[in-house]
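First up is the structure itself, then whatever we jot down about it.
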Amino acid sequence: MTDLLVHPAAGFGAGEDAGRWRLGEAFLLRVAGRPADVVTTLRTGGAVEWTRRVFEREAARDAAGARLREEIEKAVAALGGGDPSRVALINLRRDVFNARRPRPATLAKADPALTPSAAALLAEWRRAMASLDGVVAEGGEILAADIAAARVRARTVLSDDALRCAVLLQSEVLERSMDRYLDPARKLDKDGRQIEGTLLELLYRAALKTSPFSTLTSVGLGRFTPDSPRAAPEPASLRQRSTVRLNVAVLARLSAVILADPLVRSEITVTLAPGASIDDETARYVRRRTTAGTDPDAVVTIDGVHEDLFFLPSGPALNDVVTIARHARLTLRELSERVASAAEDRTVEAADRLLGHLLRLGLLLAPDLQIDLRSHDPAAAFATGLAAQPHPTLRRVAAVLTQAGELVARYPATPARGRAVLLAEIRERVRDAFALVGAPDRLVPRTLIYEDTTIAGDGMATDRGAWESRALPSLAALADILPAFDMSLPRRLTAAGFFRARYGSGGRCDDVERFCHEFQRDFFSPYAQRAMRRRAFDEGNNYVPQENWFKIPELTALDQAREAASRHLRGLQPDAGRTDEIRLGPAFVDEVRRHLPADRRFDQPWSFFVQLASSSGRPDEGRLVLNQAYSGLTLMFSRFAHSLDSGGAGARELLAETLRRYTPPGAVLAELRGGYETTNLNIHPSVTDYEIVCPGDISARPVDEQILLDDIVMVHDERADRVRLMSRRLDREVIPLYLGFLLPMALPEVQQVLMCFAPGGMAQIDLWAGTGQPVPAEGITMYPRLVLGDLVLQRRMWKLNTSAFPFRDPRHSDAEHLLKVRRWRREHGLPDRVFAQVDASERRSGPDQDAEAARPDNDRKASRKPLPVDFDSWLSLRLFEQLALGASSRIVLTECGPDLDELWLRDEHGRPHVGEFLIELYDTARGQHG
């Protein structure tokens, strides 16, 4: 491929602009779990070479045909209109044009009128046709042999133990089917081909993608240091170190069942929900509801969590419950007895029924059954709590969970083929625990354990200077304009606008719970629904401004900046011809940035997922490729902190120090738990000095590190024009921080609103929207690569309607279909390797998004993930067609960058691996506090 650079832009120097940003202290290196070259063994090279020979013969035939048609046209012109040979010559010319063998009668009638030159060209063309036919005839046998050989190699590669470990956690049924597929003596039937397809998808993912899931991808913690001799990390080993935990959904569902049983729960200590109060004969509190995930096929099931400001009609009994529970920590039995004794006409049984309803409604909580998501082993902590309970059933459940935990502890060291047996034993113990409390088997989650793998050891320190001089300027330029693409910033602006409209400039709100409820009910829910239906540009490529109910000038500025980005790109596109790459320079950044506030109030920490395309491994000899821009402040490190610390990486201390350094004077950072106790995605160590205790939460941290929601007031700072959350007790600003792996829109409602007053963002960079170019050709549109300085913002991509896809014609043989697909690739200039994905606009979206949409870095079903496509592999092309068959209208293809020859990361055996950096940028104005 030859890149045609248009509008070359000067690079970004490490000057004033870059000086506004600094690299974080550390980076996360995500490493594909299998060497990238394993996928080359799946190629059907002989068949690919055969298609090249066919195309060469076709070219020779067409060249000979063009010369022959020219001679025939001369012969036709020399004949009179009534000559009987004229029609035969015209028919012959038509046959040559259509690359069709002429009928003998046509040849016989045309032969007398052919000149010697034309006759010689006809003979040459017929030889070219025969040669082509001979090559085409070889295709079936060559492809069949190639496929058989590729399957032999595939079985060898797929028998890898590390891959088998991931397959087991993806699907136990699939893992049990592996041996049947891997047996070369077995005939490959329809079921076998389905197994093969699923396994190959996982293999391509393990070799070419970096989405952490079991052994498919490992992570390692590196540091930018001033004295490292390495421009890129050189891990001493990529050997995977496994960390396994019991799925906390097991614990949460057990807890819910225990609290529903009047006998088993009787000795459980209870407390009031934080913030619960009685006023004017009404009990008010925020009710948290959890609904079990319903997708039985989901590998990762996330139970839904919702919060509502809830009111209960009060009365003497409820008043007594609230009064007694507020002043004493009692068991349910003790509380029932106290409530019953408070009135002569009450019985313990009636009081117990009332308490059961209050537990179900969330006014009462059970601290001993809360899951400690900050613990290194939440299941062990939960079992310890149950073991301390007096009820014998709970102690038996604790013993069974402890046995399950012992099995989980053995799992990492268990060989791949023994893990299925061990997992079955773990499942049996979990089922026993559920049975002990009378829970139906259907409540047992499909996924019982989570596995993360890390790499640890020497070679992870990297030269800060090399990255600051080459990578930082382009990343800093991007960070300057990211507010224009930040999907969360409009929500934060409108929340502040709602506050000013409700309480006035300089106003104050002492009831945060009520504000959160009113904001969600009166404004944000309808606003969010309309925002999800909005498209930034209409069919005429005119920008559609965001709804600005509160006439917020900053929101208008974001609209103008976003529109300016596409307008600038529209002006750069060439008038004619095609280009592979468009470079964007300082003029582009200045055009977008001039619409944003000059005081840089939108600056915030960002994390960038980038890949280094450089065979040498030096950032100054390659370029970075952006995959995603997301919130900073150590968020994307958090999930792996426990696992990294198990290898001695010191992750917790590093993250805590990073956050402490960023905290502005006069403020504290306080974590939100995230509300979900049913997913491992919220597990990480405590890294802030404080924690905000929301309704439904019970914190395990010391009391002086807890900030209750009713301790917080909201104040509009007129000078800074921002709403601050202030702690009465600390007399300091509280900056909420969520470090779990759910998107803010998936959090419970109160925590969603609190996040509107916190730094955080997720940028969706789609510069092509609104440009109106390039014009679609035959259902396929090519978009050039976009480069900002030395950073690839968007890879070269192609969008195609499914009507343009070369689906298989059932009348065609395998060889004919391969020719069709390879010809289609050539005609549209597609690279040999691409990533294919169903267009995101076809996917379901909404406030109740499923687990796939709730996670920024997740383990989606394979059909939703980008699929690596290798046009040199028949097996890969079959997967490609399966993806296309599942698309309703449009498919997006992106170039593979870095490609295999640009991979710099090598394992201890010298084999190349795909690697991805997670790098954080901090705005220096707020990032230098000690």
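What you see is a predicted model; the values in this text were computed from it and never measured.
Asp452 and Thr243 share no donor-acceptor pair across their side chains, judged by distance under 3.5 Å alone. Donor-acceptor pairing under 3.5 Å is recorded for the side chains of Ser218 and Gln240.
Although no hydrogens or angles enter the test, the distance criterion places a donor-acceptor pair under 3.5 Å between the side chain of Thr215 and the main chain of Ala162.
Heavy atoms of other residues, nucleotides or ligands lying less than 6.0 angstrom from CG of Asp458 number 12 at most.
Tyr922 and Tyr662 have tilted rings, their planes meeting at an angle from 30° to 60° on a 0 to 90° scale.
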Side-chain donor-acceptor pairs of residues 398-413 under 3.5 Å, sequence neighbours excluded:
{"unit_1": "Thr402", "atom_1": "OG1", "unit_2": "Ala398", "atom_2": "O", "d": "2.8"}
{"unit_1": "Gln403", "atom_1": "OE1", "unit_2": "Arg429", "atom_2": "NE", "d": "3.3"}

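Residues that satisfy the salt bridge (Lys or Arg N to Asp or Glu O under 4.0 Å) test with Asp377, not counting sequence neighbours, are absent from this structure.
Arg223 and Glu25 are not joined by a salt bridge, as no carboxylate oxygen comes within less than 4.0 angstrom of a charged side-chain nitrogen.
In this structure, the side chains of Leu737 and Thr688 come closer than 4.5 Å at one or more pairs of heavy atoms. A 4.5 Å side-chain heavy-atom check between Glu920 and Pro605 finds every atom pair outside the cut-off. Ser699 is listed as a side-chain neighbour of Gln706, based on a closest heavy-atom distance under 4.5 Å.
Checked against the 6.0 Å centroid criterion, the rings of Phe27 and Phe224 qualify as a close aromatic pair.
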